[in-house]
2 protein chains.
Amino acid sequence: MDELKLAREQLIEALGRQSGFWGLGKITGELYAVLYLSAEPLSLAELAGALGVTKGNVSIAIRLLEQLGMVRRSMRPGDRRVFFEAELDFWAIARRVLERRQKTEFNESFRMLKESISHAGNAQAGPGRDFMMERMERLQCFYEELDQIVKVILIIGPEQLARLVRIERTPPSTQYSP
Amino acid sequence: MDELKLAREQLIEALGRQSGFWGLGKITGELYAVLYLSAEPLSLAELAGALGVTKGNVSIAIRLLEQLGMVRRSMRPGDRRVFFEAELDFWAIARRVLERRQKTEFNESFRMLKESISHAGNAQAGPGRDFMMERMERLQCFYEELDQIVKVILIIGPEQLARLVRIERTPPSTQYSP
DNA sequence: GTTATCGTTTAGAACATTCTAAACGATATA
DNA sequence: TATATCGTTTAGAATGTTCTAAACGATAAC
């Protein structure tokens, strides 16, 4: 009965927490949860009411959701209001978030690392410089490996990813030979 | 000459930024950078000096670094001070961070989702409940897939991960036949 | 033209985080 | 026993973030 209300609130909390953890803000995930559990698209005012926050607050959060492709807007003829509905393809969402947020941050850090290496390269030779260069280049290698992995994850679809996982979870005898 | 100082500062900034982004706090990554670029272990006071922050600040941040296995403490005989040195195995670090921080958060969210489904299951049947149940179970499936993937990444080593990546980057016909 | 209803923007309040400075307990040294 | 030097803890200052309430521009209805 009112268990439904409880279930909804719990999911809202779960996704709000998750989105907060990933640096998207709490109500971003909460909004998504509300839309995800709604059979029809909801207006800005309805969303604000559902979470007990202001329209302005929702306006900003929903923009981020749109940018991340987690929410689509839909219009109704003869209605000036804007309605929103949740994107249901979680893998598409994950890919987009990875691409737009994580990857961006990663790239910036990568760029700084390369710049740092470049600076060290300009320094006058010596044991101190050699040590730093070696360390930085080790780090660069790691960045490149990570970069490759993320790239692959972004390219291949969920089915192939799942298939890879399945392959790796059934450790064939020939595989590990340490 | 002073290019080295510049290079060091740039790397400190890069890692500080990165760790901040991942919710570990800025100076956590900065501290790691200082240790990573140091040939010898450093004391708490030296670390504080290097970043221009207080000992207390370092004390807390370095504890987190230890918990994540990013830093080891080393003692010197006849010296009461504690010295720290950076863990150099990035994959071990990544695995540990994934396990201790990301996975923990993920599990909590997963638990709440399942609890939410349980609540909805107790609600009286009806179209509203069925809709919510269906949505929640879809989400649960996604969580489970993600869980598998993370599990695999945690189990298999970097070489195998790199091998998978290499396989997927060559998109050909005969794909898997190792 | 006037009024009503949208969504957006913004100044500032409420809140949370991060840092400092100082106090503190513990341990070594004199 | 006194003194000095560690690392830790903590109260509160400084800073950032997130939210609200109100103003605003735009558009539709009257």
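These figures come from a predicted structure and were not determined experimentally. A, B, ... follow the sequence lines: proteins, then strands. Residue 1 opens every chain.
- Counting any heavy atom pair closer than 4.0 Å across all strands shown, B:G23 reaches no nucleic acid atom.
- Note on ring orientation: taking the six-membered ring where Trp is involved, the planes of A:W22 and B:W22 are perpendicular (angle over 60°, cut-offs 30° and 60°).
- A 6.0 Å sphere centred on NZ of B:K103 holds more than 12 heavy atoms belonging to other residues, nucleotides or ligands.
- When the P atom of D:dT15 is taken as reference, atom NZ of B:K26 falls 12 Å away, rounded to whole Å.
- Of the listed nucleotides (C:dT20, D:dT8, C:dG7), C:dG7 has the atom at the smallest distance from the side chain of A:L44.
- Using a distance-only test at 3.5 Å, with no hydrogens or angles considered, a donor-acceptor pair links the side chain of B:R135 to the main chain of A:Y36.
- Enclosure of atom CD in B:E105 by more than 12 non-hydrogen atoms of other residues, nucleotides or ligands within 6.0 angstrom is indicated.
- Proximity of residues 55-87 of chain B to DNA chain C (heavy atom under 4.0 angstrom from any strand atom) is restricted to B:N57, B:R80.
- Axis angle, first five pairs versus last five pairs of the helix from C:dG1-D:dC30 to C:dA30-D:dT1: 10°, rounded to 10°.
- Across the protein-nucleic acid pair, B:L24 atom CG and C:dT18 atom C1' stand 14 Å apart, rounded to whole Å.
- One interatomic measurement links the two molecules: CD of A:E30 to P of D:dT18, which rounds to 13 Å at whole-angstrom precision.
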Problem set entry | Criterion side-chain contact (heavy atoms from CB on, under 4.5 Å) on B:Q140 and B:K114, from CA distance to verdict | CA-CA 8 Å; B:Q140 189 181 23; B:K114 283 185 280 196; 3.4 Å; yes
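- Proximity of A:L139 to B:L11: side-chain heavy atoms (C-beta onward) are separated by under 4.5 Å at one or more points.
- Checking A:L42, A:I12, A:L51 one by one against A:L31, the side-chain contact (heavy atoms from CB on, under 4.5 Å) holds for a single residue, A:L51.
- The shortest side-chain heavy-atom distance between A:I93 and A:Y32 falls under the 4.5 Å cut-off.
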